[in-house]
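Along the sequence shown, residues are numbered consecutively beginning with 1. Both ligands and their constituent atoms are indexed starting at 1 by order of listing. Computed from heavy atoms alone, side chains included, the values below leave out hydrogens, waters and symmetry copies.
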Amino acid sequence: MKKTQIITTVFEYDSVDELPLEEQELVKNAKEAALRSYSPYSKFSVGAAILLENDEIIQGNNQENSAYPSGLCAERVAMFYANSKFPDSAVKAIAVTARTNGSFSGNPIPPCGSCRQVLLETEERFNQPIKLILYGEKKIRIVETVKEMLPLYFEKEMLDE
Ligand code: THU
């Protein structure tokens, strides 16, 4: 028997002002996107903003549906749109935030498991780390790569094994 430990490093900040300007701008874009979310069922509005290698910023938000599973999370809306519009541009970072009851969540919102898998595909596709900036009004968490957020991940090489 061999015991292995997997370590995830998380950087925590108290205020967005502590981040570099480029990241502050990305958070601002995620907040803007959250305001346009279509989430009449959960009333949980999520906004995501993606910074591409070509300096474009792509926003996305959750899009819900009366047939609940047909809706999609903000992170995947943003990532699929980024990859469809700029298929040759790597992704540098993604900022995520959420609103409930008329204000932004105090705690940072981590991407769900399905979104982590989708973000990982893009990280692998361009072989470049994607920084996750998870914004809450009281706390901001930064994780340097998607892989760290999804240990023991599934990837395309496994399809050939
Ligand atoms: N949601 C996101 O957009 N991103 C996440 O990471 C978690 C959940 C959305 C899906 C659904 O529209 C609402 O939040 C409640 O789960």
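- Close approach to Pro110 involves these atoms of ligand 1, each under 4.0 Å from a residue heavy atom: 6 (O).
- By the definition of a contact as any protein heavy atom under 4.0 Å away, atom 12 (O) of ligand 1 is in contact.
- Listed by chain and number, the residues in a side chain to side chain donor-acceptor pair (under 3.5 Å) with Glu22 amount to none (sequence neighbours excluded).
- Ion pairing between Arg141 and Glu12 holds under the 4.0 Å rule for side-chain N and carboxylate O.
- Residue Cys112 approaches ligand 1 through these ligand atoms, each under 4.0 Å from one of its heavy atoms: 6 (O).
- Every atom of ligand 1 with a heavy atom of Pro111 under 4.0 Å away is listed here by number and element: 6 (O).
- For Glu155, the side chain to side chain donor-acceptor pair (under 3.5 Å) criterion is met by no residue, not counting sequence neighbours.
- Using a 4.5 Å cut-off between side-chain heavy atoms of Ile, Leu, Val, Met, Phe, Trp and Tyr, with links allowed through other members, Val77 and Ile94 fall into the same hydrophobic cluster.
- By the 3.5 Å distance cut-off applied to N or O atoms, Ile109 is not counted among the residues near ligand 1.
- Between Leu72 and ligand 1, no pair of N/O atoms sits closer than 3.5 Å.
- Here the protein heavy atom with the shortest distance to atom 4 (N) of ligand 1 is Glu75 OE1, 2.8 Å.
- Between the side chain of Asn62 and the backbone N or O of Val46 there is at least one donor-acceptor pair closer than 3.5 Å.
- Atom 16 (O) of ligand 1 has as its closest protein heavy atom Phe44 CD2, 4.7 Å.
- Those atoms of ligand 1 that come under 4.0 Å of a heavy atom in Ser42, given as number and element, are 13 (C), 15 (C).
- Less than 4.0 angstrom separates some heavy atom of Glu64 from each of these atoms of ligand 1: 11 (C), 12 (O), 13 (C).
- No salt bridge links Glu137 with Arg99; every basic N to acidic carboxylate O contact stays at or beyond 4.0 Å.
- Counting heavy atoms under 4.0 Å from ligand 1, residue Cys73 touches it through both backbone and side chain.
- The closest donor-acceptor contact from the side chain of Thr100 to the backbone of Phe44 lies at 3.5 Å or more, if one exists at all.
- Between Glu56 and Lys85, none of the side-chain N atoms (NZ, or NE/NH1/NH2) sits under 4.0 Å from a carboxylate O, so this pair counts as no salt bridge.
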